[in-house]
Amino acid sequence: MNPELIRSLQELLPQIQGYIYPNEIEIHWGLLIVVYPYITGVVAGAFILASLVKVFNVKEVQPLYRLSLLTALAYLLVAPMALVSHLGHPERFYEILLTPQTSSAMAMFGFVYAWYLMAVLLLEIWFVHRTDMIDMAERSKGATRLLYRALSLFSRDKGERAVAFDHKALKVITIVGIPSAFLLHGYVGFIFGSIKANPWWSSVLIPIVFLFSAIVSGIALVVLLYMIITPLTGGKINMKCVDKSVDFLFYAVIVDFSLEMVDFIHRVYQSEEEIKILSEMVMSKLFSSLIIIQVLLGMLIPLLLISLTKIFKKRFSLNEDMRKMVYFISVILIQFGIFATRWNVVIGGQLFSKSFRGLTTYKMGFGGIEGLLYAIFLLALPIAILFVLLKLLPPWKELREEGEVGTEAAGAGV
Amino acid sequence: MNGRRSFLRGFFAVLLSGGAIEGVLKLFPSKAHAKEAPRTGAWYGYGVSVDKCIGCARCMDACKNENNVPKEPFFVRTWVERYIIRKNGQTTVKAIAPGDEATPETVSDKRILRSFFVPKLCNQCANPPCVQVCPVGATFQTEDGVVLVNEKTCIGCRYCIQACPYGARYLHPVSHTADKCTFCYHRISQGKLPACVEVCPTQARVFGDLNAAASPMSRFLRMNKIHTLKPGLNTEPKAYYANLDGEVR
Ligand code: SF4
Ligand code: SF4
């Protein structure tokens, strides 16, 4: 028996409002499952930013290309950790891969994940860096040399034809990659959206809302990383690139916001059985995380800030630092907003009883697998992985394509 | 070149023939799971006479003892709800617990319209969403229509708990696997009644084979107006309620 669990459930008892089924006192999907869609969202979003360069030929964003690919990889590697560690039997996780049940949305995780990791992300990163890795192997000695040799899968051909093939392959991968990225996160949305028992989740819009919020979080995160990493490594922020990315971010936030408004209006207008308990929940348990953080801080204020730079274009175009600051604040706010979005979906979906008669409370632990510390660790881990990846496959040359300062050779910095 | 073409042709032929289509169809539960009663063999169901339940909670005790359900009130395979519906439209619901103080006497209270008890348990849905979502097939439906969890293969992802519209499932704190009512499968396969049915002093709980011609179960279905819980969700519950109030969800 787990006395700690019992104690924490006992503490929750007095906080229940109205009636909930006895088995509903325990919140089954906690912080880890909030972290999971947040992370996959960043993966999908960062990849789509990278695709802008390759498929839609948005030249301005080129400096962010490699950075966003590596960011996507770093986050993708952590995504299953959140999922596996929340299981009652993590050691049986392989069963999902070996004996999946085809009717289960969750069982498809292994395939969607493996496809995205192997067929899209790793392949694209490999082709992008192939010649660089060969160069690096040639320039280094000993173990490092062997490492790069292995990473490049012992290919040595830098000839014209080989490079041309790289480019062609990249085109194909990116074109396959975009629907795959959509699939990855749309799929995560479907895990929730397909649960008819839960009216907070059960909506055809959920996968689409997930997708757009993914694009928002991915672009915002890469821009944020770029704005932090570049000065730290002695580079100069390329404002053309940031302007363009923020442009895309701006439109993505608008679409995301409109979709969520449509969902909201639809629910209120249809006013079905569950509307009373849901609005009670939104106004009490989710007020700060939904109304304040998700909508106000995470969407409306960034939208307002970015529109200011557009409306007062002249004034802002003269003052780069001001613009930088506005962008910087916006992308940080957006990150918090998206995390709150995930929270509101996952936790919110479990705060009301399926009897529609009452509300329960989620008490976040501090230590332990379901606790805050571990979640922070999971959120920090991709950054650490990214750090290693950046060391391994430095994107500095590209990051500074049009920056005047800091033209050190690849490999320096950090 | 020719080799590749014929390979592709073969590949698409396989795609178009059974294999792939069957896989896709499996995504749609109504096509894949047999929900009609099988013509031979048993197809178990459960009856609840709401009017007969006196809220003594003996069934809850019996169930916990019979099935190693933790004693704490947060883990239940079956429970009993008490409804008090007032004239002003206000409804109060409470899950009673064994050893609760006596229910207030309500007949003389003029503000109360009606009050009653509703026993609840897993509905052993014929079209069970919990089975549909289980990623490893640990939750499954037996030939005789009982939904069970294999605790040796359940990975404890709790997806089934989310997917059950009735709150019938919990995660067992010792085995860390999903758990719920089994109709006392170990008993019924020996021809005995589920523990809760056996212990109920008023016969508010009825159990039996829905296909049997003459049984307490078929009699129950013949003699009462029947309703099921949340029929709109198309789970096709096999726990049938007689005299169920519209307030019950
Ligand atoms: S009542 Fe819930 S646990 Fe029981 S079969 Fe139906 S969905 Fe599954
Ligand atoms: S908790 Fe167990 S039975 Fe339920 S869906 Fe997950 S693996 Fe299946």
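Reminder, nothing fancy here: chain letters follow the sequence lines and each chain counts from 1. Atom set for the values below is all heavy atoms of this structure, side chains included, hydrogens, waters and symmetry mates excluded.
Of the two parts of I96(A), the backbone and the side chain both hold a non-hydrogen atom closer than 4.5 Å to a non-hydrogen atom of chain B. For L87(A), the parts sitting under 4.5 Å from any heavy atom of chain B are the backbone and the side chain alike. Using a 4.5 Å cut-off between heavy atoms, E247(B) contacts chain A through both its backbone and its side chain. Proximity to chain B is limited to the side chain of L13(A), based on heavy atoms less than 4.5 angstrom apart. When heavy atoms are compared at a cutoff of 4.5 Å, Q10(A) approaches chain B by way of both its backbone and its side chain. Of the atoms belonging to F109(A), not a single heavy atom falls under 4.5 Å from chain B. Only the side chain of Y83(B) comes within contact range of chain A, with heavy atoms under 4.5 Å apart. At a 4.5 Å heavy-atom cutoff, the contact between S194(A) and chain B is made by side-chain atoms alone. With a threshold of 4.5 angstrom between heavy atoms, W29(A) approaches chain B through its backbone and through its side chain. Interface remark: I25(A) contributes side-chain atoms only to the contact with chain B (heavy atom separation under 4.5 Å). Using a 4.5 Å cut-off between heavy atoms, K152(B) touches chain A through its backbone atoms (N, CA, C, O) alone. Within the 4.5 angstrom heavy-atom criterion, atoms from both the backbone and the side chain of E95(A) approach chain B.
Salt bridge annotation for D179(B)-R169(B): absent, with no cationic side-chain nitrogen under 4.0 angstrom from a carboxylate oxygen. Taking a cutoff of 4.0 Å between a charged side-chain nitrogen and a carboxylate oxygen, E273(A) and R249(B) qualify as a salt bridge. E81(B) and K94(B) are not joined by a salt bridge, as no carboxylate oxygen comes within less than 4.0 angstrom of a charged side-chain nitrogen. Using a 4.0 Å cut-off between a side-chain N of Lys or Arg and a carboxylate O of Asp or Glu, R158(B) and E26(A) qualify as a salt bridge.
Here E66(B) pairs with R187(B) under the salt bridge (Lys or Arg N to Asp or Glu O under 4.0 Å) rule; sequence neighbours left out.
In terms of heavy-atom pairs under 4.5 Å with chain A, the best-connected choice from A178(B), P73(B), C164(B) is C164(B). Put simply, of E24(A), E91(A), R357(A), H86(A), the one with the most heavy-atom pairs under 4.5 Å next to chain B is R357(A). With chain A as partner, the option from A168(B), P129(B), G167(B) having the largest number of non-hydrogen pairs under 4.5 angstrom is G167(B). In terms of non-hydrogen atom pairs under 4.5 Å with chain B, the most contact-rich of P22(A), G110(A), P90(A), A107(A) is P22(A). Chain A forms the most heavy-atom pairs under 4.5 Å with one residue out of I155(B), I161(B), L229(B), V136(B), and that residue is I155(B). Comparing T177(B), T92(B), T153(B), T235(B) by heavy-atom pairs within less than 4.5 Å of chain A, the highest count is held by T153(B).
Remark: aromatic rings of Y46(B) and F183(B) are close, center separation under 6.0 Å. Note: Y241(B) and H227(B) fail the aromatic proximity criterion, with ring centroids not under 6.0 Å apart.
Inspection of the K285(A) and T361(A) side chains reveals an N or O donor paired with an N or O acceptor under 3.5 Å. Under the 3.5 Å distance criterion, with hydrogens and angles disregarded, a donor-acceptor pair is assigned to the side chains of Q162(B) and Q350(A). Side-chain contact check for T78(B) and R205(B): at least one donor-acceptor pair (N or O, by modelled atom type) lies under 3.5 Å.
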Does E236(B) form a side-chain hydrogen bond (donor to acceptor under 3.5 Å, both in side chains) with N127(B)? I'd like the steps, not just the answer. CA-CA 6 Å; E236(B) 304 188 5; N127(B) 186 17; 5.0 Å; no
